[in-house]
Amino acid sequence: MNISLKPILVTLLAGLSAMSLHGATRYINYTGGTGTKTTNLYEANNWSGTVGYSADANGNAVVDDGDVISLRVRGSNGASSAAAPAVSNLATYEVDSFNIGDFGESYAQIASGHTLTTRNVNVGQTTNNTSANGDGTLYVDGTLSVSNQLNVGQNAINSSSSKTNTSTGELVIRNGGTVNVLAGGVIGVKNYSGSPAVSGTLTVETGGTYNNDSTTQSGGTSGMQIGKQTGAVATLDIQGGTVNLFSLVLGDNNTSNTGQTVNLNLADGELNMGGWINGQVDDTTVTRNLTMDDGVVYLTDALSSTTGLYNGKQGEIKQFLGFFGTGADDGVTYSGTNSATVVGGGLSDAAQLAELQANYTIQAGSVSVSGGTIHWGRDNDVFTDTENLDGDGDPQNYGRFAVWAVPEPSSAALIAGLLCIGLTLTRRRS
């Protein structure tokens, strides 16, 4: 039986043509916050342009079928401030990308109880089209779900542009706030080595959570990079919340990219990692700074695909500390300008400190750094009761490493100790 393909092809081409004509990427600027306009982020009256969306009965923007919305809060509009950011006004909303802080200083907020779902987020961005330095701040009190890429501080000016504008970005996850990143998260990134200066800061406050690993969300295995491309300045500041990462790259793995500044501050809270830690060991131009106070780092053991058993990650722990010049990684010299410091009171939670000292005792070690001592150790039993993975009735021997800090004894305590010794000797002599 002979069947002519011509009608089928005509129909198919017509369908493709119709698809190509319907829908487009719409770059929408938030223009609210001044004059008679509100600070509502999703209100149609606060959006520029007339295509790609319409207003519903409540005045909020509804995206046209097939259109892709890139929503931008731009400093050039003068529409937001730290005191009055562009703030989410619906419990749930979705756009393709969300940019804060291109074309000058600007602020946005995802309010408590609200969820914004988007493919890409750039906080503090500069592009070839810029007319001002990028400077963006995003506060998250609700939930931000990013299905692809999060950039905190990005300078996207490339080699074809003569622009010299810098970029600064800060993402602040506050109490009750959660950020879920399914693919890659980068703090401080340039598009190429010659891009102008960029600085990015991710701050996680008490009660805030940052998820970028496969144990806390399906498919998220790219992890975080702190400082990407030449000269990028990047800071991860954990002030009391929880950061869950699959992997952590401290600087840039590409040997042609140099001069990053990487700051990791563990004032309080937890940094949980399930993958690996990496960076350039022999980069003489990098600067890495670690400060530890009440914060604790946990690194989960890895499951071996060949033996079916979990392997301890003492080597990863030593490498992690080695990147900050502690000397924990025996026999390896980490180049660059590196520092590790114990600040404040160190781990001051007596119960937590006692638990770590009592249970994290396998493959344990410590290094003296400025201001105190950093300890590490592995708990063989921390996960053995959760499930039997090998199927033979015997729990596997797997757990996790912990890293914590204690300060140097204070001079007052030292003097008190010496006085006690002196009094004891005196009493014995008498």
Side-chain angles (χ1 to χ4, degrees), residues 14-81 83-111 114-139 142 144-151 154 156-157 161 163 165 167 169:
L16 291 174
S17 176
M19 288 176 64
S20 65
L21 291 174
H22 178 69
T25 299
R26 311 293 186 183
Y27 296 96
I28 304 297
N29 295 333
Y30 164 86
T31 60
T34 59
T36 59
K37 293 194 172 187
T38 70
T39 58
N40 291 341
L41 182 58
Y42 311 132
E43 187 175 331
N45 187 52
N46 295 332
W47 285 20
S48 65
T50 57
V51 295
Y53 64 95
S54 58
D56 63 13
N58 296 315
N60 292 308
V62 178
V63 178
D64 294 345
D65 288 341
D67 276 351
V68 173
I69 296 296
S70 176
L71 179 58
R72 304 182 294 192
V73 180
R74 307 184 113 178
S76 58
N77 295 325
S80 65
S81 65
V87 62
S88 62
N89 59 298
L90 291 172
T92 59
Y93 207 77
E94 183 173 353
V95 293
D96 186 73
S97 66
F98 186 44
N99 298 337
I100 308 99
D102 55 351
F103 286 74
E105 184 178 354
S106 57
Y107 299 81
Q109 178 187 0
I110 309 302
H114 291 181
T115 297
L116 174 63
T117 302
T118 179
R119 176 173 168 77
N120 297 306
V121 173
N122 295 299
V123 184
Q125 184 185 43
T126 304
T127 70
N128 283 356
N129 298 320
T130 191
S131 59
N133 293 337
D135 186 356
T137 301
L138 174 61
Y139 304 106
L144 175 66
S145 293
V146 185
S147 62
N148 188 44
Q149 185 71 29
L150 168 70
N151 294 317
Q154 180 187 35
I157 296 174
S161 173
K163 298 283 187 178
N165 300 99
S167 184

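Note that the structure is a prediction, hence the values are computed from the model and not measured.
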Requested in this report: Let me see the working for V121 and L116 under side-chain contact (heavy atoms from CB on, under 4.5 Å), right down to the final yes or no.
Outcome: CA-CA 11 Å; V121 173; L116 174 63; 6.0 Å; no
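- Put simply, the side chain of S106 gets close to the backbone of G101: a donor and an acceptor are under 3.5 Å apart.
- Although no hydrogens or angles enter the test, the distance criterion places no donor-acceptor pair under 3.5 Å between the side chain of N133 and the main chain of G104.
- Between R119 and V146, the shortest heavy-atom contact is O-CG1, 3.3 Å.
- To the nearest 0.5 Å, the span separating CG on D96 from CG on D67 amounts to 11.0 Å.
- Of all heavy-atom pairs between N89 and E43, the closest is OD1-N, 4.1 Å.
- Contact of the V51 side chain with the R26 side chain is registered, since non-hydrogen atoms from C-beta on lie closer than 4.5 Å.
- Rounding to the nearest 0.5 Å gives a distance of 8.0 Å between OG of S80 and CD of E105.
- Contact detail for F103 and S131: the closest heavy-atom pair is CD2-OG, 3.2 Å.
- Within the 3.5 Å criterion, the main-chain N or O of N120 finds no donor-acceptor partner in the side chain of S97.
- No side-chain donor-acceptor contact under 3.5 Å links S70 to the backbone of Y27.
- Minimum interatomic distance between N165 and A132 (heavy atoms only, all atoms of both residues): ND2-C, 3.4 Å.
- Counting heavy atoms from C-beta outward, L41 and F98 have side chains that approach closer than 4.5 Å.
- The backbone N or O of T130 sits less than 3.5 Å from a side-chain atom of K163, completing a donor-acceptor pair.
- The line from CG of D102 to CD of Q154 is 10.5 Å long, rounded to the nearest 0.5 Å.
- A parallel orientation is assigned to the rings of Y93 and Y42, their planes being inclined by less than 30° (bins at 30° and 60°).
- Going from atom CG of N99 over to atom CG of L71 covers 8.5 Å, rounded to the nearest 0.5 Å.
- Looking at every heavy atom in both residues, I157 comes nearest to N128 through CA-OD1, 3.2 Å.
- Here the CD1 atom belonging to I110 is positioned 5.5 Å from the CG atom belonging to L138, to the nearest 0.5 angstrom.
- Between the side chain of W47 and the backbone N or O of G32 there is no donor-acceptor pair closer than 3.5 Å.
- The closest donor-acceptor contact from the side chain of T39 to the backbone of V87 lies at 3.5 Å or more, if one exists at all.
- One N or O on the side chain of D56 and one on the backbone of N58 form a donor-acceptor pair closer than 3.5 Å.
- Not one N or O on the side chain of T117 forms a donor-acceptor pair closer than 3.5 Å with the backbone of S145.
- T118 places a side-chain N or O within donor-acceptor distance of the main-chain N or O of V95, the cut-off being under 3.5 Å.
- Checking T31, T38, N29 one by one against N46, the side-chain hydrogen bond (donor to acceptor under 3.5 Å, both in side chains) holds for a single residue, T38.
- Of all non-hydrogen atoms in V73 and A108, the two that sit nearest each other are CG2-CB, 4.4 Å.
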